[in-house]
Amino acid sequence: VQLQASGGGSVQAGGSLRLSCVASERTFSSSALGWYRQVAGKQRELVAVVSSGGRRNYAESVKGRFTISRDNAKNTVYLRMNSLKPEDTAVYYCNTGRYDYWTSTYTPVYWGQGTLVTVSS
């Protein structure tokens with residue numbers, strides 16, 4: 001499975017970006033999809049996930065600002081990021097995985113390469 005992320009770049013605080021990630025996975029429509037981010041020297045953190053059934057979870061730090069969506073016809077997952085803050089600066093990674101509806105937890109399985117988002121103040 002290959003995932004190709006794009007859409008990163010540099011933006012001023014308060015601006016917006018939309019990340020895209022195309023997956024080659026044949027079972028894309030039945031997979032959960034997620035975005036993680038990582039700052040140098042820190043662990044990756046889950047930003048947002050959307051299950052195959054459309055349930056969405058977000059990190060508290062991005063709720064109300066970021067929106068994850070999926071287009072199964074295009075094997076693509078998106079992350080719309082509004083009202084960006086300098087602390088959103090990170091490398092963003094897309095992935096496909098499994099979503100546990102009982103515990104509302106997500107387990108990534110396949111990872112794409114990262115795309116850098118830089119937010120300046």
Donor-acceptor under 3.5 Å (Q4 side chain, C21 main chain):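 Flag not set: sc Q4 to bb C21 has no pair under 3.5 Å.
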T115 side chain vs S6 backbone, donor-acceptor pair below 3.5 Å: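 Pair absent, no side-chain N/O of T115 close to backbone of S6.
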E25 versus T96, side-chain donor and acceptor atoms under 3.5 Å: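 Checked: T96/E25 side chains pair up, N/O donor to acceptor below 3.5 Å.
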Between R37 and Y92, a side-chain donor and acceptor under 3.5 Å: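 Judged by distance alone, the side chains do pair up.
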E87 atom CD: more than 12 heavy-atom contacts under 6.0 Å: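 Yes, the 6.0 Å shell around CD holds more than 12 heavy atoms from other groups.
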Other residues, nucleotides, ligands: >12 heavy atoms within 6.0 Å of Y110 OH: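 Not buried by this count: 12 neighbours or fewer within 6.0 Å.
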Taking all non-hydrogen atoms of both residues into account, name the closest pair between [X] and [Y] and its distance.
| X | Y | answer |
| --- | --- | --- |
| V91 | L116 | CG2-CD1, 3.9 Å |
| Q38 | K42 | NE2-O, 3.0 Å |
| S83 | R65 | O-NH1, 2.9 Å |
| F28 | L33 | CZ-CD1, 3.3 Å |

To the nearest 0.5 Å, how far apart are [atom1] in [X] and [atom2] in [Y]?
| X | Y | atom1 | atom2 | answer |
| --- | --- | --- | --- | --- |
| Y36 | C94 | OH | SG | 12.5 Å |
| D71 | S29 | CG | OG | 11.5 Å |
| T105 | Y99 | OG1 | OH | 7.5 Å |
| L84 | S10 | CG | OG | 11.5 Å |
| D88 | S61 | CG | OG | 7.0 Å |
| R80 | S16 | CZ | OG | 4.5 Å |

Is any side-chain heavy atom of [Y] closer than 4.5 Å to one of [X]?
| X | Y | value |
| --- | --- | --- |
| R98 | V109 | yes |
| L79 | V47 | yes |
| V119 | V117 | yes |
| Y101 | S51 | yes |

Output field: ring centroids F66/W35 closer than 6.0 Å: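 Ring-ring flag for F66/W35: false, centres at least 6.0 Å apart.
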Verdict with reasoning, L3 to W111, per side-chain contact (heavy atoms from CB on, under 4.5 Å): CA-CA 7 Å; L3 296 95; W111 291 80; 5.8 Å; no
Do [X] and [Y] belong to the same hydrophobic cluster, where Ile, Leu, Val, Met, Phe, Trp and Tyr are linked whenever their side-chain heavy atoms lie under 4.5 Å apart, directly or via other members?
| X | Y | result |
| --- | --- | --- |
| L19 | V11 | yes |
| V22 | V1 | no |
| M81 | V50 | yes |

Side chain to side chain donor-acceptor pair (under 3.5 Å) partner of Y106, the single match among D100, N95, N57: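 Single pass found, and it is N95.
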From CA spacing to verdict: side-chain contact (heavy atoms from CB on, under 4.5 Å), R18, T67: CA-CA 9 Å; R18 189 181 78 160; T67 302; over 6 Å; no
Face-on cation placement of R70 at Y78 ring, 6.0 Å and 45° thresholds: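 Negative - R70 is either too far from the ring of Y78 or too far off its axis.
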